[in-house]
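Just so it is clear, the values below take in all heavy atoms, side chains as well, and ignore hydrogens, waters and symmetry mates.
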Amino acid sequence: MNEKIPFARIAALAIMAFFAVAARGDWNARVVVSPTGSHVIGNPAAGTRLTEYVSYTCPHCAEFDRQASDPLRLFYVTPGKLSLEIRNLVRDPVDLTVALLTNCSQPAGFLRLHTIFLRQQPQWIARVQSASPAARARWSSGSALDRRRAIADDLGFYQTMLARGFNRPAVDRCLGDEAMARRLADQTAEAGRLGVPGTPSFLINGELLEGVHEWRGLQEVLKARI
């Protein structure tokens, strides 16, 4: 005779199954760091791998994030059709400082910081543009850590990080992470070897998309390929 399974157990199993399917259905939750320090979001078995080169001081990158972030993740990354790799092409000391801070969390927290700094870019870029000669002198004198601390202080980056649960010693450790700074320099050098002309730029499965630097053009490529 078959043993009856209590209803409560059936309900519990159903709930567990639902959440397992939900977890598999949103690949945005899977973020890993590559050996070169880039972040890869999504299904590792996806047939399409999109690589984005970003500079945090690039206004076009901030505009791309505002236009593309939601549709790209919702329609392509979430269902597992595409994995997204974000690589840095560092343009200047401010860019490097932000890149070190976006790498300050565990991999799962990277996208939050990445998005926050790009969305807040108009505010802190205005501070860069209006910085006094004395401030700019602090950004280029002293040790590497001293320079990055000065940038973070003057542009409000400490406040941004403290509001997200980081304390000042933790932020300073990230600003002084020379191993990460070298990995970011290596990503930038690799962009040069690949012929990446600027940011944002994109590769699909390792192939550089020439002339594609905004969401409208990238969207057309994705529609044609996926």
Side-chain angles (χ1 to χ4, degrees), residues 25-34 36-92 94-99 101-103 107 110-126 128-129 183-226:
D26 183 3
W27 284 103
N28 282 291
R30 184 188 186 278
V31 184
V32 298
V33 179
S34 76
T36 61
S38 63
H39 287 79
V40 183
I41 302 101
N43 180 5
T48 302
R49 181 166 181 145
L50 173 67
T51 300
E52 175 190 354
Y53 274 97
V54 63
S55 298
Y56 289 109
T57 52
C58 160
H60 300 293
C61 294
E63 181 61 24
F64 175 80
D65 184 77
R66 284 190 290 271
Q67 293 182 355
S69 178
D70 289 342
L72 182 61
R73 295 175 194 171
L74 179 63
F75 298 116
Y76 294 98
V77 177
T78 293
K81 299 176 182 178
L82 173 148
S83 66
L84 171 64
E85 179 183 12
I86 297 177
R87 297 181 188 172
N88 292 86
L89 195 165
V90 177
R91 306 194 316 167
D92 52 67
V94 174
D95 189 5
L96 174 59
T97 301
V98 178
L101 293 177
T102 60
N103 280 276
F110 166 76
L111 273 178
R112 180 182 66 149
L113 291 173
H114 172 78
T115 301
I116 285 168
F117 276 103
L118 284 173
R119 298 295 169 89
Q120 293 181 353
Q121 188 202 77
Q123 288 74 45
W124 55 260
I125 281 290
V128 173
Q129 293 168 343
R183 287 195 288 273
L184 293 167
D186 289 343
Q187 288 180 41
T188 302
E190 177 67 10
R193 289 191 290 271
L194 292 171
V196 175
T199 55
S201 286
F202 310 95
L203 287 74
I204 288 187
N205 296 339
E207 175 190 350
L208 180 65
L209 300 181
E210 295 186 6
V212 177
H213 303 287
E214 58 183 19
W215 172 233
R216 180 180 296 179
L218 178 61
Q219 188 176 32
E220 292 303 315
V221 173
L222 294 177
K223 285 179 179 178
R225 297 201 181 198
I226 301 178

Can you name the closest pair of heavy atoms from [X] and [Y] and give their distance?
X    : Y    : answer
A46  : S83  : CB-N, 3.7 Å
L118 : A62  : O-CB, 3.6 Å
T78  : L74  : CB-O, 3.5 Å
N88  : Q187 : N-OE1, 2.6 Å
L89  : A191 : CD1-CB, 3.8 Å
A45  : N43  : N-OD1, 2.9 Å

Q) Counting N and O atoms only, with roles assigned by atom type, does the side chain of D95 sit under 3.5 Å from a partner on the main chain of Y56, one being a donor and the other an acceptor? A) yes
Q | Check: T188 side chain, V90 main-chain N or O, donor-acceptor pair, under 3.5 Å | A |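 Indeed, once roles are kept as given, a pair shorter than 3.5 Å links the two residues.
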Atom pair [atom1]/[atom2] of [X] and [Y] - distance to nearest 0.5 Å:
X    : Y    : atom1 : atom2 : answer
E85  : L203 : CD    : CG    : 8.5 Å
I41  : I86  : CD1   : CD1   : 4.0 Å
I204 : L209 : CD1   : CG    : 4.5 Å
C61  : H114 : SG    : NE2   : 8.5 Å
R87  : L194 : CZ    : CG    : 6.5 Å
E52  : D65  : CD    : CG    : 7.5 Å

Q.
L50 vs L82, test: side chain to side chain contact (heavy atoms under 4.5 Å, CB included). Steps then yes/no.
A. CA-CA 7 Å; L50 173 67; L82 173 148; 4.0 Å; yes
Would you indicate whether the side-chain heavy atoms of [Y] and [X] approach each other to under 4.5 Å?
X    : Y    : answer
F110 : T102 : yes
Y53  : P197 : no
T48  : K81  : no
F64  : L218 : yes
L96  : L184 : yes
V221 : F202 : no
P200 : C58  : yes

**Q.** side chain to side chain donor-acceptor pair (under 3.5 Å) partners of residues 209-226, not counting sequence neighbours, each pair once
**A.**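 Found S201-H213.
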Q) Who pairs with R91 by side-chain hydrogen bond (donor to acceptor under 3.5 Å, both in side chains), at least two apart in sequence or on another chain? A)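 Partners of R91 by the side-chain hydrogen bond (donor to acceptor under 3.5 Å, both in side chains) criterion, ordered by chain and then number, come out as T57.
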Q: Could I get the full list of side-chain hydrogen bond (donor to acceptor under 3.5 Å, both in side chains) partners for R193, not counting sequence neighbours?
A: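 In terms of side-chain hydrogen bond (donor to acceptor under 3.5 Å, both in side chains), with neighbours along the sequence ignored, R193 is linked to E190.
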Q | Criterion side chain to side chain contact (heavy atoms under 4.5 Å, CB included) on N103 and R183, from CA distance to verdict | A | CA-CA 11 Å; N103 280 276; R183 287 195 288 273; over 6 Å; no
